[in-house]
Amino acid sequence: MIAAGRNKKGLTERQVEQCQLAWKIICGGETRVKLDTSEAHKNMSRTRFIEKECKVVLGADVLPGENVVDVNSRMSLLACLAHEFAHAERYLSGYDRPVKSPNFLIDEAETSLHASFITVINKKDREDLREDAYFRLTEYLKIRSNENEN
């Protein structure tokens with residue numbers, strides 16, 4: 001699902017080229033993780049890591065939304081791709097990702113923290129990724145707290 005405030009309009013050729021360049025910078029020579037651009041031009045397409053194929057699918061939501069305040073919606077293209085690359089790095093190191101709620105929120109938080117240490121991202125992206133991790137952990141704790149109250 002696309003985060004509520006992220007871009008929904010399919011990417012232009014120029015935007016796809018920018019993403020490919022950013023991907024090369026983030027990967028720093030890592031060739032085991034491919035960037036699949038086949039869905040990038042589709043409206044409402046989603047950027048995501050696919051474990052079985054060890055690839056990141058580029059979607060419209062790689063770009064931040066306009067005039068948004070929540071951290072996930074405003075994260076830059078570079079921060080978004082760094083997050084997805086961090087999923088791949090964690091997978092390649094043997095980490096088994098939880099996919100059910102609420103535990104997937106812990107994985108997402110850890111992945112954002114992991115991405116915040118990728119050296120090629122700037123200070124603002126690093127801060128946004130750490131804030132995203134904080135937000136996801138907070139959401140996890142709210143869900144767990146509500147479960148315990150019932």
Side-chain angles (χ1 to χ4, degrees), residues 1-11 15-16 19-20 22-23 25-28 30-121 124-150:
M1 171 182 286
I2 286 184
R6 293 201 66 80
N7 179 58
K8 295 169 181 61
K9 185 178 177 188
L11 303 181
Q15 289 168 324
V16 170
C19 292
Q20 290 171 318
W23 186 251
I25 292 167
I26 289 167
C27 290
E30 168 62 61
T31 59
R32 295 179 293 172
V33 186
K34 304 296 180 208
L35 182 66
D36 177 349
T37 62
S38 64
E39 297 179 18
H41 303 330
K42 297 178 184 176
N43 292 337
M44 303 295 289
S45 55
R46 208 169 54 84
T47 303
R48 64 202 183 276
F49 174 63
I50 299 179
E51 289 180 356
K52 292 178 187 175
E53 300 172 48
C54 199
K55 72 177 180 181
V56 169
V57 177
L58 185 65
D61 69 343
V62 73
L63 297 177
E66 295 180 19
N67 303 318
V68 292
V69 294
D70 69 281
V71 67
N72 189 275
S73 297
R74 74 171 185 256
M75 277 199 307
S76 74
L77 163 131
L78 201 59
C80 180
L81 289 177
H83 177 92
E84 296 306 324
F85 184 68
H87 273 305
E89 285 188 316
R90 289 163 50 82
Y91 171 74
L92 289 169
S93 68
Y95 184 75
D96 187 18
R97 298 172 52 201
V99 293
K100 292 185 179 179
S101 183
N103 292 337
F104 80 93
L105 290 166
I106 294 173
D107 175 57
E108 290 296 325
E110 290 175 345
T111 301
S112 282
L113 282 176
H114 182 110
S116 76
F117 288 97
I118 294 174
T119 58
V120 297
I121 63 172
K124 174 69 170 120
D125 287 336
R126 197 174 314 286
E127 290 170 359
D128 283 349
L129 285 159
R130 290 177 181 158
E131 187 179 337
D132 181 62
Y134 173 82
F135 172 78
R136 290 174 192 261
L137 283 175
T138 301
E139 288 300 304
Y140 169 80
L141 292 171
K142 281 185 205 174
I143 291 169
R144 297 303 293 188
S145 177
N146 289 339
E147 288 174 354
N148 291 335
E149 289 176 5
N150 295 328

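In terms of modelled atom types and a separation under 3.5 Å, the side chain of S116 and the main chain of R126 share no donor-acceptor contact. When atom types are taken as modelled, the side chain of S45 and the backbone of G59 share no donor-acceptor pair closer than 3.5 angstrom.
Under the rule for a side chain to side chain contact (heavy atoms under 4.5 Å, CB included), the partners of L113 that lie at least two apart in sequence or sit in another chain are R130, A133. Listed by chain and number, the residues in a side chain to side chain donor-acceptor pair (under 3.5 Å) with E139 are K142 (sequence neighbours excluded). Among residues two or more places apart in sequence or in another chain, the side chain to side chain contact (heavy atoms under 4.5 Å, CB included) test is passed with S76 by L78, A79, D125. With sequence neighbours left out, the side chain to side chain contact (heavy atoms under 4.5 Å, CB included) criterion links R48 to E39, R46, I50, V57. Remark: F135 pairs with no residue by the ring-ring contact (aromatic ring centres under 6.0 Å, His included) rule, at least two apart or across chains.
Side-chain contact check for Y134 versus V71: every heavy-atom pair is 4.5 Å or farther apart. Under the 4.5 Å side-chain criterion, counting only non-hydrogen atoms from C-beta, K55 is not in contact with L35. A heavy-atom distance below 4.5 Å is found between the side chains of R6 and P64.
Residues R74 and D128 are paired through a salt bridge, judged by an N-O separation under 4.0 Å between the basic side chain and the carboxylate.
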Counting only pairs under 3.5 Å, give me each side-chain donor-acceptor contact of residues 103-111, with atom names and distances, residues two or more places apart or in other chains.
residue, atom, partner, partner atom, Å
D107, OD1, R90, NH2, 2.9
D107, OD2, R97, NE, 3.0
E108, OE1, H83, NE2, 2.7
E108, OE1, H87, NE2, 3.4
E108, OE2, H87, NE2, 3.2
E110, OE1, R90, NH2, 2.9
E110, OE1, Y95, OH, 3.2
T111, OG1, H87, ND1, 3.4
T111, OG1, R90, NE, 3.2
T111, OG1, D107, O, 2.7

